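Keep in mind the model is a prediction, meaning the values are calculated, not measured. As the structure lists them, so they are numbered: ligands from 1, and atoms in each ligand from 1.
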Amino acid sequence: MPDFKAYFSARLDNATTLLQDFVEIESPSHDKTAVNRMAQRVVQEALARGANIERKPGSEFGDQVIARWPGAKTGQGILMLCHMDTVWPLGTLAERPVRIQDGRMYAPGAYDMKAGIVICLEAVLGLQALDRMPASPITLLCTADEETGSLESRATIEALAAESRLVLCMEPALPGGVLKTARKGVGGFDIHIYGRAAHAGADHQKGINAIEEMAHQVLALQKLTRYDSGTTVNVGVIKGGSASNVVPAECHIEVDFRVSQMDEVERVTTAVHELKPHLDGARIEIEGGLNRPPMVRDALMERTFRHAAEIAHRHGFDLQEASTGGASDANFTAAMHIPTLDGLGADGDGGHAITEHVILASLPARAALLAALLSEW
Ligand SMILES: [Zn+2]
């Protein structure tokens, strides 16, 4: 059995340098040109490892990069899932340049999830060097719109997952390298209320107050929360009115909802679409719904995790699992009943926050774990 731990530990500097290269190519989801620069860099690295490249042009977002190592055997392979986009706008790096301190790299997008791409590229390189590439195909998909809900890449994710026997989502680990075996599903609504404007002094009774109407709706929405079922509904943004002496004609809210169970999706979306105005003459418009279905820790997830833990154990890793409220692209593939593991990326903390960092020693450790899974699954 190859000593993956030792092999990748000796390459810590290479992995660190590659991660620094990646984070220094800023790639906010909404800047297509910027994300495509990152895509070009990923293509270059994958080509250097002998991959066949397919680049799917994005329309609103950047390109999706598919790197394939076909293997000697055809048939179902393993899909590694990454995203190249980050939540950080251009210029963040100028404000907060890469900083390495106490074995941690602080950098925008490092933890979520450019480190995941580094780990995949390292793992493939190691498997090739140690002559351990599996006979069945390995595919790396790097998407460009994960942080905005994967609207463009979802079809690619699902198509590649459908031809895979295992999906490894390289999103960051929970602290300590813990995998994510349950994730909430997530969705959202945009709700508009239209009332009638009027002078608040002269014609108060002629107005239809859109804010008053929305107040009723906000309370109804918040009450859809059921903590014991893992369901939360959050009215997070409210906008309306123009001046205190005008009866407001319009009000708009943005709502986030999270569910742990599929039947809760039905309950919440039905209730939202059945919202009716309370005030005579007010009109309500509702857009939105479920974005990512919940990733449930069902029997398949339990089996998949247990098998991964066995492989990990043989290579000296004690693999743990937990659940998280955030959703990822693994939600899509798990909902297709394809064996899926998530949180295989770097250890660290501070995703989407200014404290974002990667524990650098986790890069070789995770590359070793990934190499073990790819070669022994
Ligand atoms: Zn992510």
Can you find a heavy atom in the side chain of Leu369 that is under 4.5 Å from one in the side chain of Arg366?
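Yes, at least one pair of side-chain atoms sits under 4.5 Å.
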Considering only NZ, NE, NH1 and NH2 on the basic side and carboxylate oxygens on the acidic side, decide whether Arg314 and Glu310 come within less than 4.0 Å.
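Answer for the salt bridge query: no.
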Near the Zn ion (ligand 1), which protein N/O/S atoms are found at less than 2.8 Å?
His83 NE2, Asp112 OD1, Glu171 OE1, Glu171 OE2
Are more than 12 heavy atoms, taken from residues, nucleotides or ligands other than His204, located less than 6.0 Å from that residue's NE2 atom?
no
Apart from Leu290 itself, what residues make up its hydrophobic cluster, given side-chain heavy atom links below 4.5 Å?
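Answer for Leu290: Phe189, Ile191, Ile193, Met214, Val218, Leu221, Leu224, Val233, Val235, Ile238, Ile253, Val255, Phe257, Val259, Met262, Val265, Val268, Val272, Leu275, Ile284, Ile286.
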Connected hydrophobic set around Val178, excluding itself, where side chains approach under 4.5 Å
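Taking Ile, Leu, Val, Met, Phe, Trp and Tyr as members, Val178 shares its hydrophobic cluster with Leu174.
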Does His307 have any ring pair (Phe, Tyr, Trp, His ring centres under 6.0 Å) partners at least two apart in sequence or in another chain, and if so, which?
Trp377
